[in-house]
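See structure below.
The analysis underlying the following values was restricted to heavy atoms, covering all of them including side chains, and did not include hydrogens, waters or symmetry mates. This is a predicted model, so every value here is computed, not measured.
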Amino acid sequence: MSTHCITRIRSSDKNSPIILTMYRHYDGGFETHGVELAEFLVDGTVVNGIGSNTPKKAWNGMGCLAASLIANFKNSIGGFYIYSVDSTDCWQDYEYHVYEDKVVVKNPSEVIFEGSWNDFHSFCYEDEIIED
């Protein structure tokens, strides 16, 4: 059985408009999608304008981050889809809400995680078992 998820990109807070709803048909749990999303976001920053001192891993606003997210995840037919920002029932087991300064994860009715991008990265790796 597939683990479905959606990733929503928002500007600043829970009341701000949704910029993007990206649906993932399988591997939507923390061990896969969570880790991949955390790797995408970790140590990144959202800026307002591009200059000579812009950090290497930066996005020029949340719209730029949303476009980069799609480019990062979508590399073949199927798997990932763009849904309407008004979509609520996408058969998702998890919802990842990405804001300019934090990530909120639900299952979808209960909040499982809320914190900074870097804290989200740590959270996704906290139960990882390293085999020798």
Tell me if the aromatic rings of [X] and [Y] count as close, with their centers under 6.0 Å from one another.
| X | Y | value |
| --- | --- | --- |
| Phe40 | Trp59 | yes |
| Phe30 | Phe123 | yes |
| Phe73 | His33 | yes |

Spacing of [X] atom [atom1] and [Y] atom [atom2] [to the nearest 0.5 Å]:
| X | Y | atom1 | atom2 | value |
| --- | --- | --- | --- | --- |
| Leu41 | Asn118 | CG | CG | 9.0 Å |
| Tyr99 | Arg10 | OH | CZ | 4.5 Å |
| Thr3 | Gln92 | OG1 | CD | 12.5 Å |
| Arg8 | Lys106 | CZ | NZ | 8.5 Å |
| Cys64 | Ile9 | SG | CD1 | 11.5 Å |
| Asn60 | Ile50 | CG | CD1 | 4.5 Å |

task = Begin with the C-alpha distance, continue with both residues' side-chain angles, and end with the deciding distance and a verdict on side chain to side chain donor-acceptor pair (under 3.5 Å) for Tyr125 and Glu39.
result = CA-CA 10 Å; Tyr125 280 97; Glu39 288 294 329; 2.7 Å; yes
State, yes or no, whether a side-chain contact exists between [X] and [Y] at a heavy-atom distance under 4.5 Å.
| X | Y | value |
| --- | --- | --- |
| Ser87 | Val85 | no |
| Val104 | Val111 | yes |
| Ile6 | Tyr83 | no |
| Asp43 | Trp117 | no |
| Asn107 | Asp93 | no |
| Met22 | Leu69 | yes |
| Phe120 | Leu37 | yes |
| Tyr26 | Thr32 | no |

inquiry  = Check for me whether Lys74 meets the cation-pi criterion with Tyr81, that is, NZ or CZ under 6.0 Å from the six-membered ring centre and within 45 degrees of the ring axis.
reply    =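 Satisfied, under 6.0 Å and within 45°.
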Nearest atoms (heavy-atom pairs only) where [X] meets [Y]:
| X | Y | value |
| --- | --- | --- |
| Asp119 | Ser116 | N-OG, 3.0 Å |
| Glu114 | Lys102 | OE2-NZ, 3.1 Å |
| Thr45 | Pro55 | CG2-CG, 3.5 Å |

Can you hop from [X] to [Y] via hydrophobic side chains spaced under 4.5 Å?
| X | Y | value |
| --- | --- | --- |
| Ile18 | Ile70 | no |
| Val42 | Val46 | no |
| Val105 | Ile19 | yes |

Check against salt bridge (Lys or Arg N to Asp or Glu O under 4.0 Å), Glu36 and Arg24 = CA-CA 12 Å; Glu36 292 171 4; Arg24 184 171 187 164; 2.8 Å; yes
key: Check against side-chain contact (heavy atoms from CB on, under 4.5 Å), Tyr94 and Ile112   = CA-CA 9 Å; Tyr94 295 98; Ile112 300 168; 3.8 Å; yes
message = Keeping Ser2 on the side-chain end and His4 on the backbone end, is there a donor-acceptor pair under 3.5 Å?
response = no
